[in-house]
2 protein chains.
Amino acid sequence: MLIESLNHPAPEALLAFLRAHLHARVTLHLAGEVEVLYAGRATSMAEAGDRLLLVKPDGSLQVHGPRGVKPVNWQPRTDHLSAELEGGCVVLHAERRSPAEVVQVRVIGCAQVTALNLADEALFLLQGTEAQMQQALARAPHLIEAGLTVLDRELLVGVGGIDLYARDAQGRFVVVELKRGKAGHDAVHQLGRYVDAVRTQVPGTVVRGILAAPDITVPALKAAQAAGLEFVKVEALPQVPEEARQPSLF
Amino acid sequence: MLIESLNHPAPEALLAFLRAHLHARVTLHLAGEVEVLYAGRATSMAEAGDRLLLVKPDGSLQVHGPRGVKPVNWQPRTDHLSAELEGGCVVLHAERRSPAEVVQVRVIGCAQVTALNLADEALFLLQGTEAQMQQALARAPHLIEAGLTVLDRELLVGVGGIDLYARDAQGRFVVVELKRGKAGHDAVHQLGRYVDAVRTQVPGTVVRGILAAPDITVPALKAAQAAGLEFVKVEALPQVPEEARQPSLF
DNA sequence: ACCTGGATGTCGATG
DNA sequence: CATCGACGTCCAGGT
């Protein structure tokens, strides 16, 4: 997994290292003093400072400072990636089109550079996504309301899709908007938009709107009530039945 | 800047290394085979695989795979961070409250671990933010429309704030919503919401709504026209005057 | 290529 | 602490 690593390489050695590994399906890690220029949707300039640079096989690049999960500068997946010597410093160019953007990393000094082989992605399971919530509620719509019958999922109406389209016990149409976390008033407006769209497409019918989420902000709840929309509390993570909780599994 | 680095340390050596540096205002970088569990707003499990682990002085942690800017697993800023030996493997625990979340990283094998001192953040300048756009347009509202007078910025109305509140040449009130990038129909609805709020608060007056952005999606433009709202194209990055473009600067 | 919406979004500001 | 909105959001998926 560890392919090669250099401590305090001279610019020429660093350039050779980068040239050797940049396009070799390899992940690069570089710690050093670095200056970053970015131009694209916006423009940024980061003065020289100690940073941590990461370059992945897909050409994505990120420059990390001492704080936070977010990089100081980044480039999501480049169409072109190259390293040159400019004025005695190694400079990395990372470009992409659409949107047209450039990130330029000037390496003033390199403390350590490492080439790694990160193997193909191992199995990754995520639970609690909105898609899973939608599937679970489509199978058990009574968790939203007794007597609910799901007609459709991801029903396209105008532009954008209705999470769940259903009919209630009285035969009225119901538009359900799901949120995996606390719903804000943006969710209320999204729901209102879908309800309006359905009312427009099917004139003369009663259409209910239900916002289903584990929680809702106070202003959002007020907005929902004002707009004649309903909020129903549902759990994001499906409850494990009591009999299935075998202590032996832990 | 480079404090210490180990290649292929045994679990005990790795544990000692982590214990020595974890709470020392130091940035840690670890490459190795790793298994990650996450539980919090959602739940995830990543089987053992070659990954790159980053731990920053603020307690933030991220585990990177071979693709993309986004980590496979992460934790934004922990309240508690610790390393233990469990079953012959070093295990990192990263917890935070609010939201209550845990990330657990089991290090099956470590190829390289490095402790770095990332100095305090250097100067960072970002241009082209919405805030800067707002400031520029507040000073030069004619870029939106001739005869416009800005009354207020970030005017609070109900929920959320109006980017620019103005009066046009005919004395009508104008609500301006800014977007630094291409505006979608969410921007249209946000503007519509603000316009409605103003009309409610000041009944009987004519209120115009202008969406000012460098671009707009086709559906958003249609939605704006249908809602009686206007779109005005403005540049996100302030245009540099011709006389200021000195080739010598490049 | 454009557009939409989700996300463990993250992050900072503000009441 | 809750809420809200920007972000170079990133990213996958659909048309």
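Below, read A as the first sequence line, B as the second, and so on, with proteins coming before strands; counting in each chain starts at 1.
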5'-most by nearest nucleotide on DNA chain C - A/E177 or A/V69:
A/E177
Would you say A/R41 reaches D/dC10's phosphate, i.e. side-chain N/O to OP1/OP2 under 4.0 Å?
yes
Find the distance A/Q62:CD to D/dC11:C1' and express it as a whole number of Å.
14 Å
Cut-off 3.5 Å, side chains only: do A/N73 and A/S44 have a donor facing an acceptor?
yes
Tell me whether the rings of B/H29 and A/H29 are parallel (<30°), tilted (30 to 60°) or perpendicular (>60°).
parallel
Sugar-phosphate only, base, or nothing, as touched by A/Y194 at under 4.0 Å among non-hydrogen atoms
sugar-phosphate
Between D/dG5 atom C1' and B/M133 atom CE, what is the distance in whole Å?
15 Å
Across the strands shown, which category fits A/G68 at heavy-atom distances under 4.0 angstrom: base, sugar-phosphate, nothing?
sugar-phosphate
Distance check: side-chain N/O of A/K70 vs OP1/OP2 of D/dC7, anything under 4.0 Å?
no
Assuming nearest nucleotide by heavy-atom distance, tell me which of B/S44 and A/R193 is located more 5' along DNA chain C.
A/R193
Using whole Å, what does the distance between atom C1' of nucleotide D/dC10 and atom CZ of A/R77 come to?
10 Å
Could you measure between the two P atoms, the one in D/dG8 and the one in C/dG5, and give it in whole Å?
22 Å
If you look at every strand shown and take non-hydrogen atoms under 4.0 Å, does A/G160 touch a base, only sugar-phosphate, or nothing?
sugar-phosphate
Can you tell me how far C1' of D/dC11 sits from NZ of A/K56, to the nearest Å?
13 Å
Nucleotide D/dG13, atom C1' - distance to CD of A/E130 in whole Å
14 Å
Presence of B/K179 side-chain N/O under 4.0 Å of D/dC7 phosphate oxygens OP1/OP2:
no
Counting just side-chain N and O atoms, does A/R67 come under 4.0 Å of either OP1 or OP2 of C/dC11?
no
If you check every side-chain atom of B/N73, which of D/dC4, C/dT8, C/dC3 has the closest atom?
C/dT8
Out of C/dG6, D/dT3, D/dC7, whichever nucleotide has its closest atom nearest the side chain of A/D163:
C/dG6
